[in-house]
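In what follows, a structure is listed as structure tokens, so that the remarks can point back to it.
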Amino acid sequence: KVEEEIGTLRQVLAAKERHCGELKRKLGLTPLDGLKQNLSKSWHDVQVSNAYVKTSEKLGEWNDKVTQSDFYKKTQETLSQAGQKTSAALSNVGSVISRKLGDMSGYSIRHSISMPAMRNSATFKSFEDRVGTIKSRVVGSRENSTDGLHSPSGAGDKPPQDNAPF
């Protein structure tokens, strides 16, 4: 008889759970909403717990002690000064770059390369030297290779003719 009552109670409970699920669906409540509500309640319970309150108080005391210490104040001042100096330096670099680009803004790249003043500038010479160095490494490694591969230009052993401005 007890087993029959247990079976009946299980059926009643299952029916009530189905009915509860249908009501939640009709109300637009999703399982995610229930989870959010449970998490919010749990977090609230943690925040009002003795352990949390005492820990928060202790951490607050430690924070006050640290921020009032001379070491902290000196470190904060030093880092603040370093930040200001770094900011000023970066601002100066940005200004120089902007000024350099502003000086060049009136000319197209093709026009600038053909201008003798531009080609004789230190910046252009440095760029030209670097490109030449890279080119000689690449071309030199191709010419010095003994693996029998031909150059992609199809020129064989003849060095490629260079008409580039740099």
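The figures here come from the full heavy-atom set of this structure, side chains too, leaving out hydrogens, waters and symmetry mates. In this text, all values refer to a predicted model and were calculated from it rather than measured experimentally.
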Give a yes or no answer on whether the side chain of [X] reaches the backbone of [Y] with a donor-acceptor pair at less than 3.5 Å.
X     : Y     : value
Ser49 : Val46 : yes
Ser91 : Ser87 : no
Ser80 : Gln76 : no

Results of side chain to side chain contact (heavy atoms under 4.5 Å, CB included) for Leu9 - residues two or more places apart only:
none
If you group Ile, Leu, Val, Met, Phe, Trp and Tyr whenever their side-chain heavy atoms sit less than 4.5 Å apart, what else falls in with Val66?
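Hydrophobic cluster check, Val66: joined to Tyr72.
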Given a cutoff of under 4.5 Å between side-chain heavy atoms of I, L, V, M, F, W and Y, with clusters grown through shared members, what are the other residues clustered with Leu90?
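Via sub-4.5 Å side-chain contacts, Leu90 links to none.
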Listed once per pair and sorted, the salt bridge (Lys or Arg N to Asp or Glu O under 4.0 Å) pairs that draw on residues 70-79, sequence neighbours left out:
none
Whether over 12 other heavy atoms sit under 6.0 Å from Glu4 CD:
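No.
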Quick one: pull up CD in Glu3 and CD in Glu5 and give me the separation to the nearest 0.5 Å.
10.0 Å
Nearest-0.5 Å distance that lies between atom CD in Gln11 and atom CD1 in Ile6:
12.5 Å
Side-chain donor-acceptor pairs of residues 21-37 under 3.5 Å, sequence neighbours excluded:
residue, atom, partner, partner atom, Å
Thr30, OG1, Leu32, N, 3.4
Thr30, OG1, Asp33, N, 3.3
Thr30, OG1, Asp33, OD2, 3.3
Asp33, OD2, Thr30, N, 3.2

Donor-acceptor list for residues 55-65 side chains, cut-off 3.5 Å, not counting sequence neighbours:
residue, atom, partner, partner atom, Å
Thr55, OG1, Ala51, O, 2.7
Ser56, OG, Tyr52, O, 3.0

